[in-house]
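The structure appears right after this line, and notes come after that.
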Number of protein chains: 2
Amino acid sequence: MIINHKEYVFKLHNQTYHCAMDVTMSYIGGKWKTVLLWYLRNQTRRFGELKKQIPDITEKMLSLQLKALEEDGLVKREVYAEVPLRVEYSLTDFGKTLVPVIEAIAAWGRNLGETEGKLVEK
Amino acid sequence: MIINHKEYVFKLHNQTYHCAMDVTMSYIGGKWKTVLLWYLRNQTRRFGELKKQIPDITEKMLSLQLKALEEDGLVKREVYAEVPLRVEYSLTDFGKTLVPVIEAIAAWGRNLGETEGKLVEK
DNA sequence: CAGGATCCTGCAAGATACTG
DNA sequence: CAGTATCTTGCAGGATCCTG
């Protein structure tokens, strides 16, 4: 890697990062962001749809994390003036650049589950 | 993805994961693990060496995270009976399977720093 | 040199209730 | 349907001092 502590730092999010890992993790870190990005990776989804896919997330966290992803420019939020209200979330072009990373993370976890036999039916 | 909430779960770390993302993140999540894995990705390093590369980490966190990585089977710890004490950390074969993931995460962050011009000299 | 022991704190995340 | 508003909590992470 060209970049290390001694020569460069990253200025992002009004913060200073010393390592490229930290930069990426500031976008996808935390408990929920990778999961959300996973479900948005190849399709537009509605709020309730995401909630249904991720039963353990609270509405508060779903709302909060989607907002954070939107502020980071990864996710696009579109509101349709219908009744009942319809709001759709999808990846921006910028967000799509993260898909290979997301896929790599998912693939490793999936592979571990399969090879280690830790994957069990519900 | 073959795996989703409806059909399968992962049993790991004495816990249940609903999503492959969570499995991987349980190994590399948190503030320090990706950084440590980054510095260990292609070479053996000593405790003090890691501390020097990552000035912001406290000795406690360095010790704690290395121990966690060791317990997860990603990192190997070797003690040499010398004075002064020498302890070397390196990736296990299992840990090395994570390198592509680590590289992908680093590459994305590095690329963002470069294209966005957020990369500045110290 | 490579840590362990303690004490402490902030904030990510949860619970619950309510609303345009 | 798609959220907000409060209140609460747990634990990741920090600060500091000590040691084989």
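Letters A, B, ... are given to chains in the order of the sequence lines, protein chains preceding strands, and every chain is numbered from 1.
Atom CD in B/E82 sits about 21 Å away from atom P in D/dG20, given to the nearest Å. Here C/dT16 presents its P atom at 13 Å from CD of A/E59, a figure rounded to the nearest Å. As rounded to whole Å, 9 Å separates atom C1' of D/dA2 from atom CG of A/L62. Put simply, CD on A/Q65 is 13 Å from P on D/dT4, counting in whole angstrom units. Atoms CG (B/L85) and P (C/dC1) sit 11 Å apart, rounded to a whole Å. The distance from atom CG of A/L36 to atom P of C/dA13 is 11 Å, rounded to the nearest whole Å. Atom CE in B/M25 sits about 14 Å away from atom P in D/dA12, given to the nearest Å. One atom, CG of B/L64, and another, P of D/dG14, lie 11 Å apart when rounded to the nearest Å.
Taking 4.0 angstrom as the limit, A/K67 places a side-chain polar atom (N or O) nearer than this to OP1 or OP2 of D/dT4. Checking the phosphate oxygens (OP1, OP2) of C/dG14, a side-chain nitrogen or oxygen of A/K31 falls inside 4.0 Å. Contact annotation: A/R45 side-chain N/O to D/dA2 OP1/OP2 distance is not under 4.0 Å. Distances shown here put a side-chain N or O of A/Y89 below 4.0 Å from the OP1 or OP2 atom of D/dG3. Between A/T58 and the phosphate of C/dA13, there is no side-chain N or O to OP1/OP2 separation shorter than 4.0 Å. For D/dG3, neither phosphate oxygen OP1 nor OP2 lies less than 4.0 angstrom from any side-chain nitrogen or oxygen of A/R46.
None of A/K51, A/R45, A/R46 except one satisfies the salt bridge (Lys or Arg N to Asp or Glu O under 4.0 Å) rule with A/E49; the exception is A/R45. Considering B/L74, B/T34, B/L69 in turn, B/L74 is the only one that fulfils the side-chain contact (heavy atoms from CB on, under 4.5 Å) rule with B/L98.
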_side-chain contact (heavy atoms from CB on, under 4.5 Å) assessment of A/L64 paired with A/K67_ = CA-CA 5 Å; A/L64 233 52; A/K67 197 174 294 179; 5.5 Å; no
*Could you walk me through whether B/W32 and B/D56 pass side-chain contact (heavy atoms from CB on, under 4.5 Å), step by step?*
CA-CA 10 Å; B/W32 298 113; B/D56 288 346; 4.1 Å; yes
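Set against C/dG14, C/dG3, D/dG14, the side chain of B/M61 has D/dG14 as its closest nucleotide.
Between the side chain of B/K60 and the base of C/dG3, no donor-acceptor pair of N or O atoms lies under 3.5 Å.
Taking the six-membered ring wherever Trp is involved, the centroid distance between the rings of B/F94 and A/W108 falls below 6.0 Å.
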